[in-house]
Amino acid sequence: MPKVYNWQIGREMDYPFEGRRPRRQAAAVFDTNKCIGCQTCTMACKTTWTSGKGQEYMFWNNVETKPWGSYPLAWDVRVLEMLGPQAWDGGVYRGRTLFEAAPGGERAVGYLPEDLDYAYPNRGEDETNVPVTEERFYLRLPHDAWFFYLPRICNHCTYPACLASCPRTAIYKRPEDGIVLLDQQRCRGYRDCVKNCPFKKVFYNHTTRVSEKCVLCFPAVERGIQPRCMRNCIGKIRTFGFVSTPDRATADNPVDFLVHVRKVALPLLPQLGLEANIYYIPPVHVGNLRFLQMLFGPGVEGAIAAYRRAMEGRDEELLGVLMLAVSTDRIVHRFRVSRGHAYGYDERGEEVVRVPLQEPTMVRPAYDPQYRAYRYNVT
Amino acid sequence: MKAQRITRRQALAGLAALGTAALPSVAQAQPSQQPDVRAVRVPVPVPADPEAEVWARVPSNEVSLMGQAMVLPTKMRPSIRAVRVRACHDGQRVAFLLEWEDRRPDRRTVKMREFKDGCGVMLLPQGAGATEWMMGTPKMPATVLHWRADWQLDLDQGFQDVEAAFPNLAFDFYPPLVGAQHPPKLPEAYPPEARRWLPGWYAGNPLSQPRKTSPVEKLVAQGAGTLEQLPTQNATGKGVWKDGRWRVVLSKPLRAADPREIPLAPGGTYAVAFAVWQGASGDRGARKSITLLGRLRVEP
């Protein structure tokens, strides 16, 4: 099997195809600290792409509550269990990837969920890691009792397991932007992609009897517009753009800045070996670092420290990038932070958005002499 | 991966020997290792029904099935032990009757873990060998007849939609079918502009078409993973499951309708292999029980 380099695990690994990176790779950063679990992204996607017959159970975008939530049921636990021990040696992963753990006669390790596994998409919603029954759970950072929201879409992996396991090569990765698509004409419904995508983001359509997956709203991306789930994010947690490999990272590219420069955004389950391209800023309040390291790899501590520095007002640049998230429908290719403002530029270098790092506020005196009245603190 | 390479090499060596070995000339009591099928000429149009009387007069032979160890994903052990094969022609069409034991029919492919029963006939020109045995090559494409239990069910009982598998399904409405009869039935309830909500159908995928005309597809393959429907779909057939046994007829005109289809003629000799899928074992695609590549003689 060919060897490919996966920078997220710091080493070469087996992959059924030769490594050939797209000309650029669509990617996003989700700030879990800001996600309020409103599912607006879920509905934006659902109403756009999966409201047809046979797609009833499909959520190309879903938001689950960690640690207990999962859709389909226990997808992460089941996959990690199949993978075996997952040891890291600094930034180098020493365990087996999905491809290296493949049983004989298969291209990757995986399982095919049952229909009932999809029956409760919001199972575990808002459940804390331990029952909140005692007084000891007062607020401090990190929290003893915690949960956080994990919004999930297809990761448009650099080394997709769905693509690798399709016997018909009906799944392909676009060279122009790295978006992974499933050819609706070629698919013959074998469901190997459903089985081997560890994130379970390929779905079988009950009515058309072929599989479907997130298309990252490619018709929008082609026109410089962000995908629907990103544009509609109420919590403004999503930064969409293009990610480079670490050696080609540029500091004024918002995604590169978050992933490579500040290293505040981390891939989901890097140990799977897919080089997933949706990155997460880990939650700063979670009182179980090992749980976060299991989900996001060894960079968690550094990411949390970098994020807290920005929140304390000690990293204006990082704050600026995060302020730009979901501030425009356009894809921001380049950014700049200067004199209290963050600026976003499109591919041609034209300014598409400008946001103040601090929203202007006005403080009015409590007593209004003109009307001889006291103002109430209402908004 | 290492194990796979060894298996492939071994299998190729074995096949190379088989491809040139003399073929057994008579049907044996034990399943034969290699198909040797004689398509006899019948004085009536070839039967489309597996229960037609004429089949009783057509000689049969039972062929061993084995796992598929050449192409990923593999299936090391066959789900079905053997398949009984008959063939006949009427000068216009050739028909095969395949029979095998299966305790439980698997007909539906609506749910996530439902896979269908099925069977296939692969036809190649005489002289095809070990390489062509794996679904043909670009130089020597294979014509494949594929009978599908799920299409048979669609034909026998109407299109099997979500409601067939999930009778208690509730869904508010399907855009743009607001106000349509509930639940909307395919294909009647879907005017052409509504089909974009059924992407496979909209894209023209043959598997996603709710309206079926035959349970048998006629396909061409130029190597593993290249299977596609031929433009002219004129294969017919029927599968009946009774008393723990599938009996399936697959038929096509002798004359080729498409450039990549194999033309057959009375008096000709061809290479043939058979495959059986058992849905309950998760069989689909390359996960199938197959025969070796053998001989098909079409009687003058």
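Computation of the quantities below employed the complete heavy-atom set of this structure, encompassing side-chain atoms and omitting hydrogens, waters and symmetry-equivalent molecules. Residue numbers begin at 1 in each chain, while the letters A, B, ... track the order of the sequences.
Looking at A:F99, there are no atoms closer than 4.5 Å to chain B (heavy atoms on both sides), in backbone or side chain. Of the two parts of B:Y202, neither the backbone nor the side chain holds a non-hydrogen atom closer than 4.5 Å to a non-hydrogen atom of chain A. In this structure, chain A has heavy atoms under 4.5 Å from both the backbone and the side chain of B:L227. Contacts between B:R196 and chain A at a heavy-atom distance below 4.5 Å are absent for every atom of the residue. With a threshold of 4.5 angstrom between heavy atoms, B:Q160 approaches chain A through its backbone and through its side chain.
Residue B:P184 comes nearest to A:K53 through the heavy atom pair O-NZ, 2.7 Å, listed as atom of the first residue, atom of the second, then distance. Contact detail for B:F115 and A:Y190: the closest heavy-atom pair is CE2-O, 3.7 Å. What you find for A:V210 and B:S208 is that their closest heavy atoms are CG2-OG, 3.8 Å.
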Evaluation steps, side-chain hydrogen bond (donor to acceptor under 3.5 Å, both in side chains), between B:Y174 and A:Q55: CA-CA 10 Å; B:Y174 299 98; A:Q55 298 177 315; over 6 Å; no
Verdict with reasoning, A:Q184 to B:N205, per side-chain contact (heavy atoms from CB on, under 4.5 Å): CA-CA 7 Å; A:Q184 288 296 297; B:N205 190 321; 5.7 Å; no
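Among the residues in residues 112-124 of chain A, those with a non-hydrogen atom closer than 4.5 angstrom to a non-hydrogen atom of chain B are A:L112, A:P113, A:E114, A:D115, A:Y118. Within residues 175-183 of chain A, no residue has a heavy atom under 4.5 Å from a heavy atom of chain B.
Taken from CD in B:E217 to CZ in A:R188, the straight-line distance is 4.0 Å, to the nearest 0.5 Å.
Most heavy-atom pairs under 4.5 Å with chain A: of the set B:A165, B:P199, B:G285, this distinction falls to B:P199.
Looking at A:T207 and B:W197, their side chains never come closer than 4.5 Å, going by heavy atoms from C-beta outward.
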